[in-house]
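For the numbers below, each heavy atom of this structure counts, side chains included, while hydrogens, waters and symmetry mates do not. Just so it is clear: chains get the letters A, B, ... in the order the sequence lines come, proteins before strands, and each one is counted from 1.
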Amino acid sequence: MRRMTTETGVATEKIVATERPWNVVVWDDPVTPMSVVVLIFKRIFGYSNNKCTQLMLTVHHQGRAIVWSGQRERAESYCVKLQVAGLQSTIELDD
Amino acid sequence: MAGNKLFVRRRDARIEVRLNESGRAVAREAFGRVLVAERDPDHEWHAGLNAPIDPSSDTDDPVSTLSRQSDISTNAELAVMTLNEQFLNDGEAWAWLSTFQLALRSTAVANGLMSEEKLLSCDPDLLDFIRTLQQFLFSLAECL
């Protein structure tokens with residue numbers, strides 16, 4: 001989004017970032033123990049035990065959960081860490 | 001029920017491995033297969049270890065896939081190297097847990113066991129392998 005101002009008599013241009021964030025998604029599977037999912041979330045994101053448990057339950061009941069949103073490079077890095085730890089994870093552009 | 005635990009966090013912070021010989025044989029098989037599968041594109045577990053990062057893109061960033069390959073191999077190699085240890089530090093235990101979890105999910109993916117029904121109706125030996133890995137993971141997760 002670009003906005004022009006001429007208050008000082010000099011045309012200036014402000015650029016406002018409108019990029020959509022990237023989501024890190026974790027997908028459910030029938031074999032991974034719930035306690036392992038919680039542990040991996042804690043280890044990778046440093047979230048509280050409650051938040052990790054809530055995310056794990058969202059994965060379990062809804063089949064997937066968005067566990068982090070933000071810049072693409074970081075999303076990709078978190079996704080790789082989750083995959084290295086053995087969880088099914090992907091990234092997607094936020095709706 | 002401390003006597004039934006397969007991994008125990010000790011007061012000196014080390015993690016004691018209480019697997020017997022058959023337990024260590026399962027661990028050896030799981031770690032070894034992850035290591036081989038990561039390097040062998042024809043291995044039945046290879047696809048499970050190389051899932052897409054961004055499914056909307058035709059190819060993933062090679063830096064990310066290389067980083068994943070390197071980290072998986074490093075963990076699996078550390079797990080193999082410490083297979084006969086009686087005590088693990090946190091880094092080694094994390095390598096064990098990550099590699100067990102990769103072996104577990106790769107087994108499920110390779111055998112199409114992506115629902116509870118399919119899991120319960122699979123070959124008994126395969127189900128036994130899966131249940132054993134899950135037991136290892138339950139016990140190890142309690143220590144970390």
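Using a 4.5 Å cut-off between heavy atoms, L87(A) touches chain B through backbone and side chain atoms alike. Proximity to chain B involves both the backbone and the side chain of T90(A), based on heavy atoms less than 4.5 angstrom apart. Of the two parts of L113(B), only the backbone, made up of N, CA, C and O, holds a non-hydrogen atom closer than 4.5 Å to a non-hydrogen atom of chain A. Neither the backbone nor the side chain of E73(A) has a heavy atom closer than 4.5 Å to any heavy atom of chain B. Both the backbone and the side chain of S64(B) come within contact range of chain A, with heavy atoms under 4.5 Å apart. Neither the backbone nor the side chain of L82(A) comes within contact range of chain B; no heavy atoms are under 4.5 Å apart. With a threshold of 4.5 angstrom between heavy atoms, I53(B) approaches chain A through its backbone and through its side chain. The contact between N75(B) and chain A is made entirely by side chain atoms (from C-beta outward), counting heavy-atom distances below 4.5 Å. I130(B) touches chain A through its side chain: at least one heavy atom from C-beta onward sits under 4.5 Å away, while N, CA, C and O do not.
A salt bridge does not link D60(B) to R68(B): none of the charged nitrogens lies less than 4.0 Å from a carboxylate oxygen. Electrostatic pairing of E92(A) and R64(A) counts as a salt bridge here, judged by a charged N lying under 4.0 Å from a carboxylate O. Note on D90(B) versus R9(B): salt bridge recorded, some NZ/NE/NH1/NH2 to OD/OE distance being below 4.0 Å.
In this structure, the separation between CD1 on I15(B) and CZ on R10(B) is 11.5 Å, given to the nearest 0.5 Å. Atom OG1 of T32(A) and atom CG of L104(B) lie 5.5 Å apart (nearest 0.5 Å). One finds the CD atom of E16(B) at 11.0 Å from the CZ atom of F7(B) (value rounded to the nearest 0.5 Å). We find the CG-CG distance between L137(B) and L133(B) to be 6.5 Å, quoted to the nearest 0.5 Å.
Ring pair H43(B)/W45(B) is perpendicular by interplanar angle, where above 60° counts as perpendicular and below 30° as parallel.
Comparing D61(B), D54(B), I72(B), T65(B) by how many heavy-atom pairs each has under 4.5 Å with chain A, the most go to D54(B). When each of Q69(B), E116(B), R105(B) is scored by its heavy-atom pairs under 4.5 Å with chain A, the top score falls to R105(B). Of all the listed residues (V80(A), V31(A), L39(A), D29(A)), the one sharing the greatest number of non-hydrogen pairs under 4.5 Å with chain B is V31(A).
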